[in-house]
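Step one of this worksheet: look at the structure below.
As the structure lists them, so they are numbered: ligands from 1, and atoms in each ligand from 1. Values below: every heavy atom of this structure, side chains too, minus hydrogens, waters and symmetry copies.
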Amino acid sequence: MAKFVFITGGVVSSLGKGLTSASLGALLQARGFSVRLRKLDPYLNVDPGTMSPFEHGEVFVTDDGAETDLDLGHYERFTGVAAKSTDSISSGRIYSTVLERERKGDYLGETIQVIPHVTNEIKRFLEQNEDEVDFMLCEIGGTIGDIEGLPFFEAIRQFSQEKKPFSCIFVHLTLLPFLSSSGELKTKPTQHSVKELRSIGISPDILVCRSEVHIPNKEKEKIALFCNVDKKNIIAANDLETIYEAPLAFFKEGLDEAVLQVLNLKSKNEPDLTIWNDVSSRYRTSEGSVKIAVVGKYTILEDAYKSLSEALIHGGLANKTNVEVTWLESEEFEKRTQTRRLNKYDGILIPGGFGKRGTEGKIKVIKYAREKQIPFLGICLGMQLLVIEYARNCAGLKDANSEEFEKESKGSKDHLIYHLSKWIKDQKVEIRDKIQNKGGTMRLGAYPAKINKGTMAFSIYKNELVSERHRHRFEVNIRFQEALEKSGLTFSAFSQDGTLPEIVELSTHPFFLGVQFHPELKSKPFEPHPIFSIFVKKALEQTRLV
Ligand code: GLN
């Protein structure tokens, strides 16, 4: 049976619970343990799939097709363990399961209540596949004191009571504000946060204290005394230059050791931090920089493209160079002459997106990148727009467009980018109606793609069969392949049945690639995705040309 580590947060949100959980997962792996990380979110949406990226940041898609919280991306990037749909739960999903069961009569006439019915459902979620790993790390979203988080806190309290001793441990993340006027670190908010946690029956075993400045021993002693936590278990989390040094920093502070000690466990092996030392040394020895422009729609909130910005950093690590990303609003490019602003960038990227707004601006950007031979990567919507641009400006298909942007005018078959309503997944036919629910109705999750030899795509992957994650409703129409290929665009990869284009490229350009899937979701600092490594490499070559 797994040991459970519950990670909660206090004082303020955005302290980095996700990164702390992910780093702890990486450190436990370095000691020979197997881990799985889970996120419990108190919001009422069934999953984040329908939430605006402005509200909630990126939607992270798992191999098995779940639309989950972006923290699952951190977990994967730090541990390399592919997240599953069973690793993410929200109040919305818990309540809808409870209500479904109530309608079916499963509760035999009982009055349905938060305790025990909702808390039991949360506990059931926690226990799924618990035998598969040594450690189950469960992060509770939100901050202690939030009304909507209470059922989760109550459930983990009960859960730890019901398990054998030394099975569960509570890690609480707080903030020590630094008052520059008096030059003091303040421990009071942490004391209050722990008090709040205790009032609902949870005593933290370990406190991770975020602070801008070094936490002196004296302050650690004070927190230990007032919060009733062993001083060894007060872990400082100072700001770092890169998140990828967090595992090393937590190791120095003894976070993993504290976890093992509280659980009365011995390390399986001497901690092996080779991959993290390597990532850190690549970061520290990186030289120069490449400038990448990302032209998108949700650029005011960087979290909306979290995996993408991380994957670009990984591409930099692979080439030992820094990647400077500038986020540009696509609508701006709809005005005349704006594309000239792009000449200072070494590479241009158009990420995934939904809806018409800004798409004509993006098409102009793609044209500019193609004509000026600037390395260009189009992801998902970015690939669809690349094909539209090429069709309009190089293949004489002046009216080429996507069904997503001009819904009523033509039938699906006549659109260059059309709505896919039927496809095969795991030997089963999936059917989607255009007017179905918005949630979970896309081609979601990992699908295999076959790459044609002799293409740039093949030279990137060095493999004929790859698996990548999807999240989209529309597809490039294969009926237009011949016309596009005649005018120079290469279709370099397809779905296994050969009907859905997966990668397109231009052989007369240093790097002009469109991918229907999201390679950024699989990139890791210790294993950068080859598409990002080569994209950054080509952009780097561009800087040397100047
Ligand atoms: N809006 C497009 C579609 O649904 C692209 C989606 C995306 O970029 N993730 O097909």
Side-chain angles (χ1 to χ4, degrees), residues 47-54 56-63 65-68 70 73 294-299 303-309 311 327 330-331 348-363 365-366 376-389 391 400-407 412 415-423 425 430 432-447 449 468-478 480 495 499-504 513-523 531:
D47 63 38
T50 52
M51 287 191 203
S52 157
F54 289 125
H56 195 71
E58 159 189 277
V59 174
F60 188 79
V61 179
T62 59
D63 275 337
E67 297 180 285
T68 69
L70 56 77
V294 178
V295 183
K297 189 163 106 173
Y298 317 108
T299 49
D303 265 2
Y305 300 110
K306 192 69 202 158
S307 295
L308 180 68
S309 59
W327 304 90
S330 47
E331 262 181 317
I348 300 175
L349 192 151
I350 297 200
F354 293 85
K356 186 171 175 169
R357 183 168 72 79
T359 50
E360 290 301 322
K362 289 180 191 168
I363 290 173
V365 169
I366 297 169
F376 174 81
L377 175 61
I379 295 178
C380 205
L381 179 67
M383 156 162 165
Q384 297 172 358
L385 297 175
L386 177 160
V387 178
I388 294 176
E389 189 281 322
N401 212 338
S402 168
E403 198 178 344
E404 185 175 9
F405 318 135
E406 40 160 49
K407 291 198 175 73
S412 263
H415 274 105
L416 175 58
I417 312 294
Y418 71 105
H419 183 269
L420 184 73
S421 52
K422 199 170 156 188
W423 67 94
K425 181 162 197 188
E430 299 259 333
R432 295 282 183 269
D433 180 336
K434 280 182 214 177
I435 43 180
Q436 236 181 354
N437 281 342
K438 281 257 188 273
T441 58
M442 288 182 263
R443 185 147 92 94
L444 281 169
Y447 283 84
E468 293 285 4
R469 293 184 194 164
H470 290 248
R471 182 173 184 251
H472 54 106
R473 294 191 177 83
F474 298 86
E475 300 280 344
V476 175
N477 196 335
I478 198 171
F480 294 87
S495 59
T499 61
L500 307 172
E502 294 275 3
I503 309 180
V504 293
L513 197 84
V515 293
Q516 186 56 79
F517 45 81
H518 290 272
E520 71 274 23
L521 300 178
K522 285 206 168 181
S523 190
I531 289 189

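- Panel note: side chain His472, backbone Phe474; a donor-acceptor pair is recorded below 3.5 Å.
- Between the Asn477 side chain and the Ile417 main chain, no donor and acceptor come within less than 3.5 Å of each other.
- Nearest approach of Arg469 to Leu521, heavy atoms of both residues: NH1-O, 3.7 Å.
- Within the listing of ligand 1, atoms 9 (N) sit less than 4.0 angstrom from a heavy atom of His518.
- Closest protein heavy atom to atom 5 (C) of ligand 1: Gly353 O, 3.3 Å.
- Shown are Gln516, Glu520, Lys522; of these, the side chain to side chain donor-acceptor pair (under 3.5 Å) with His518 is made only by Glu520.
- In summary, the atoms of ligand 1 found under 4.0 Å from a heavy atom of His472, numbered by their order in the structure, are 3 (C), 4 (O), 6 (C), 10 (O).
- The distance criterion of under 3.5 Å between nitrogen or oxygen atoms is not met by Phe354 with respect to ligand 1.
- Nearest non-hydrogen protein atom to atom 2 (C) of ligand 1 is Glu404 OE1, 3.3 Å.
- Heavy atoms only, all atoms of each residue included: Val295 and Lys362 are closest at O-CE, 4.0 Å.
- Considering backbone and side-chain N/O of Met442, none are found under 3.5 Å from N/O of ligand 1.
- In this structure, His470 and Tyr447 have perpendicular ring planes: the angle between them is above 60°, well past the 30° mark.
- Salt bridge absent: Lys356 and Glu404 never bring a charged side-chain N and a carboxylate O closer than 4.0 Å.
- Salt bridge annotation for Glu502-Arg443: present, with a cationic side-chain nitrogen under 4.0 angstrom from a carboxylate oxygen.
- Panel note: side chain Thr68, backbone Phe60; a donor-acceptor pair is recorded below 3.5 Å.
- Taking 4.0 Å as the cut-off, Glu475 does not count as a neighbour of ligand 1 on heavy-atom distance.
- In terms of protein heavy-atom proximity, atom 7 (C) of ligand 1 is nearest to Cys380 SG, 3.0 Å.
- The nearest protein atom to atom 9 (N) of ligand 1, hydrogens excluded, is given as Arg471 O, 2.8 Å; this is a heavy-atom distance.
- From the protein, the heavy atom lying nearest to atom 10 (O) of ligand 1 is Phe474 N, 2.7 Å.
- Applying the 4.0 Å criterion to heavy atoms of Leu381 picks out, from ligand 1, the atoms 5 (C), 7 (C), 8 (O).
- If you check which protein heavy atom lies closest to atom 4 (O) of ligand 1, you get Arg473 N, 2.9 Å.
- Looking at Gly355 next to ligand 1, no N or O pair under 3.5 Å apart turns up.
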